[in-house]
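Lettering follows sequence order; numbering is per chain, from 1.
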Protein chains: 2
Amino acid sequence: MRNTSQRELVYKVVMQSSDHPGADAVYERARKIMPKISMGTVYRNLKQLAETGKIREIRISDNYNRYDKTLQVHAHFCCRVCGKVTDVPVEGGIKGPGSGFGGKLESTDILFGGVCEECIVCGKEGA
Amino acid sequence: MRNTSQRELVYKVVMQSSDHPGADAVYERARKIMPKISMGTVYRNLKQLAETGKIREIRISDNYNRYDKTLQVHAHFCCRVCGKVTDVPVEGGIKGPGSGFGGKLESTDILFGGVCEECIVCGKEGA
DNA sequence: GCTTTAATAGTAATAGTTACTGATAGCAAA
DNA sequence: TTTGCTATCAGTAACTATTACTATTAAAGC
């Protein structure tokens, strides 16, 4: 894998983002530094960085991939009102499949949904 | 919501499937009973049934929605070799966000990834 | 510097899903 | 039962996120 300035930038953008950005958001942020970078390059590098374990790809209920700088296994909470995604701890820690599971566990993704504290306080939680 | 034969069929197909089918698989199975049913109808009804809580929409790391007849909160395991999705128990039961979370929890999705027992036994687990 | 070739910009293509349109049929009231 | 309203349907076009393609560019080793 060659060390190109584009790949380095995509990586840096993800590492500096704590809001779990999608490819479009990474593209917008990268364009501010390198205006000629192309969307395809962003997609390719995000995928490649995720495959090599440099960043993490996460999947929320909206229909696009998001990227996460945090590599260790952790849970996410996605607010259905404001759409914000945040890291949250899990009560008692994150556990694997219970007894009876004979496969090989390689990844764990936990996603909570609901309304975040901020939206409740502002009274935006809706019906 | 009107009780149409198409909607009833889509619902029945999901209820009779234990393999967490995607829209295309539901379409194929529905076509065997009602050959003129359209893809759009399948999509619309799956979405509507999920929104009204009759079935559950789940999201695996491959890029399409799957549907689940089981309404109660449960975890899934997706084998990266054969692609099969199965229900699995979680060690110690399924927990919510830990203390410090002040929002409203409405949904929990847990997805394990790896290689299933069957693929390990058959020696298909790859590198 | 020169060569090799992975990676790039730009664009076309794909896949899953949703929206649109005229026709159909479920349901309620007459 | 018949009529009217309109949600839903089949069929198709459109849309969005993502991937593939192609000529060009630029890392990295010699």
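Judged by atom type and distance alone, B/R2 reaches the base of D/dT6 through a side-chain donor-acceptor pair under 3.5 Å.
Counting non-hydrogen atoms under 4.0 angstrom, B/R7 reaches the backbone sugars and phosphates but no base. A/M1 comes within contact range of the sugar-phosphate backbone alone, with a heavy-atom separation under 4.0 Å but no base atom that close.
Atom CG of B/L49 is separated from atom P of D/dT8 by 11 Å (rounded to the nearest Å). Between the P atom of D/dT25 and the NZ atom of A/K36 lies a distance of 11 Å, rounded to the nearest Å. Residue A/E51 contributes atom CD, which lies 14 Å from atom P of D/dT18 at whole-angstrom precision. Nucleotide D/dC9 holds its P atom 8 Å from the CD1 atom of B/I37, rounded to whole Å. Protein atom CZ of A/R31 is 10 Å distant from nucleotide atom P of C/dG10, rounded to whole Å. The separation between A/N45 atom CG and C/dA7 atom C1' is 8 Å, rounded to whole Å. Note: CD (A/E8) to C1' (D/dA27) measures 13 Å, nearest angstrom. Counting to the nearest Å, the C1' atom of C/dT11 and the OH atom of A/Y27 are 12 Å from each other.
The phosphate of C/dT18 (OP1 or OP2) has a side-chain N or O of B/K47 nearer than 4.0 angstrom. Regarding contacts with the backbone of D/dA17, every side-chain N or O of A/N65 stays at 4.0 angstrom or more from both OP1 and OP2. Of the side-chain N and O atoms in B/Y43, none sit less than 4.0 angstrom from OP1 or OP2 of C/dT18. Put simply, A/T4 has no side-chain N or O that comes within less than 4.0 Å of OP1 or OP2 on D/dA26. Between B/S38 and D/dT12 there is no side-chain polar atom (N or O) within less than 4.0 angstrom of OP1 or OP2. The side chain of B/Q6 places no N or O atom within less than 4.0 Å of a non-bridging phosphate oxygen (OP1 or OP2) of C/dT24.
The side chain of A/Y64 approaches D/dT18 more closely than any other nucleotide in the set C/dG16, C/dG10, D/dT18.
When side chains are defined from C-beta on, A/P97 does not count as touching B/P89, because their heavy atoms never get closer than 4.5 Å. Between B/N65 and B/I58 there is no side-chain heavy-atom pair separated by less than 4.5 Å. Using a 4.5 Å cut-off on side-chain heavy atoms (C-beta onward), B/Q48 and B/R7 make contact.
The residue from B/D87, B/D68, B/D109 that alone fulfils the salt bridge (charged side-chain N to carboxylate O under 4.0 Å, His left out) condition with B/R56 is B/D109.
Comparing B/G40 and B/S5 by the nucleotide of DNA chain C whose heavy atom lies nearest to each, the residue mapping closer to the 5' end is B/G40. Judged by closest nucleotide on DNA chain C, B/N63 is the one of B/N63 and B/N3 placed further toward the 5' end.
By the 4.0 Å N-to-carboxylate-O rule, A/K84 lies close enough to A/E118 to be salt-bridged with it.
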